[in-house]
Amino acid sequence: MVKLNKDDLFYCYSGKLKSFLVYQNDIKYLHKGHNYKTKRDFWLFFRDEKLKSALDQWSINKINK
């Protein structure tokens, strides 16, 4: 059994970022949830090199827009 800690997970609260990760980078999320305090949906991703690369690309795209 593999133990995960919070550093192994990425919580995404942006629908646009989630779409970029899922549809343009073919990264699957582990879980979709709802934060009852903020009333916002979130998607939980496993942190790996593919996710890191996609997040780096997302940051570059935001800077260049």
Side-chain angles (χ1 to χ4, degrees):
M1 177 150 89
V2 176
K3 282 198 167 195
L4 297 176
N5 63 41
K6 68 179 183 176
D7 294 331
D8 296 321
L9 304 172
F10 173 72
Y11 288 82
C12 175
Y13 281 88
S14 165
K16 289 181 182 181
L17 176 55
K18 185 271 302 183
S19 294
F20 174 76
L21 296 173
V22 171
Y23 300 118
Q24 293 184 24
N25 290 279
D26 196 34
I27 299 173
K28 306 220 180 325
Y29 55 87
L30 302 171
H31 179 73
K32 178 184 178 187
H34 184 79
N35 184 314
Y36 291 99
K37 283 187 177 182
T38 64
K39 310 281 192 251
R40 295 179 67 196
D41 289 334
F42 67 87
W43 296 265
L44 186 61
F45 292 88
F46 180 71
R47 271 191 204 272
D48 61 6
E49 284 303 314
K50 187 173 182 180
L51 179 69
K52 182 186 178 315
S53 177
L55 291 174
D56 289 346
Q57 186 61 48
W58 175 261
S59 295
I60 291 168
N61 291 347
K62 283 186 76 170
I63 291 170
N64 291 331
K65 283 188 180 179

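Every value quoted in this text rests on a predicted model; they were computed, and no experiment measured them. Residue numbers start at 1 and run along the sequence shown. Because only heavy atoms are used, hydrogens play no part in the values below, and waters and symmetry mates are left out as well, while side chains stay in.
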Visitor: Using 0.5 Å steps for rounding, measure from the CZ atom of Arg47 to the CG atom of Asn5.
Guide: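 If I round to the nearest 0.5 Å, the distance is 10.5 Å.
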
Visitor: What distance separates Leu9 CG from Leu44 CG, expressed to the nearest 0.5 Å?
Guide: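 Separation between the atoms: 5.0 Å.
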
Visitor: Is it true that, when you exclude Lys50 itself, more than 12 heavy atoms of the residues, nucleotides or ligands shown sit nearer than 6.0 Å to its NZ?
Guide: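 Atom NZ in Lys50 is packed in, count exceeds 12.
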
Visitor: Once rounded to the nearest 0.5 Å, what's the spacing between atom CD1 of Ile60 and atom CG of Leu55?
Guide: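 Between atom CD1 of Ile60 and atom CG of Leu55 there are 11.0 Å.
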
Visitor: With heavy-atom distances below 4.5 Å as the criterion, would you say the side chains of Tyr13 and Asn35 are in contact?
Guide: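 They are in side-chain contact.
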
Visitor: How far apart are the closest heavy atoms of Leu51 and Ile27, and which atoms are they?
Guide: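 For Leu51 versus Ile27, the nearest heavy atoms are CA-CD1, 3.9 Å.
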
Visitor: Check the orientation of Phe45 and Tyr29. Use parallel for under 30°, tilted for 30 to 60°, and perpendicular for over 60°.
Guide: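 Because their plane-to-plane angle is over 60°, the rings of Phe45 and Tyr29 count as perpendicular.
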
Visitor: Using the rule that two of Ile, Leu, Val, Met, Phe, Trp, Tyr join whenever any of their side-chain heavy atoms come within less than 4.5 Å, decide whether Ile63 and Phe20 are in one cluster.
Guide: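 No.
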
Visitor: Name all pairs fulfilling the salt bridge (Lys or Arg N to Asp or Glu O under 4.0 Å) condition that reach into residues 13-28, sequence neighbours left out, sorted by first residue then second.
Guide: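 Residue pairs passing salt bridge (Lys or Arg N to Asp or Glu O under 4.0 Å), neighbours aside: Asp26-Lys28.
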
Visitor: Return the OG to CH2 distance between Ser14 and Trp58, rounded to the nearest 0.5 Å.
Guide: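 Ser14 OG to Trp58 CH2: 5.0 Å, rounded to 0.5 Å.
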
Visitor: Indicate if Tyr23 and Leu17 have the same hydrophobic cluster label, given that clusters are the connected sets of ILVMFWY residues with side-chain heavy-atom separations under 4.5 angstrom.
Guide: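 Linked, Tyr23 and Leu17 end up in one cluster.
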
Visitor: Residues in ring-ring contact (aromatic ring centres under 6.0 Å, His included) with Tyr36, at least two apart?
Guide: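 Only His34 meet the ring-ring contact (aromatic ring centres under 6.0 Å, His included) criterion with Tyr36.
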
Visitor: Can you find a heavy atom in the side chain of Val22 that is under 4.5 Å from one in the side chain of Trp43?
Guide: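 A side-chain contact is absent here, since even the closest heavy-atom pair is not under 4.5 Å.
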
Visitor: Could you tell me the separation between the CG atom of Asn25 and the OG atom of Ser19, rounded to the nearest 0.5 Å?
Guide: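 Nearest 0.5 Å value for the CG-OG distance: 11.5 Å.
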
Visitor: If the condition is ring-ring contact (aromatic ring centres under 6.0 Å, His included), which residues does Tyr11 pass it with, not counting sequence neighbours?
Guide: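 For Tyr11, the residues satisfying ring-ring contact (aromatic ring centres under 6.0 Å, His included) (neighbours in sequence not counted) are Phe42.
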
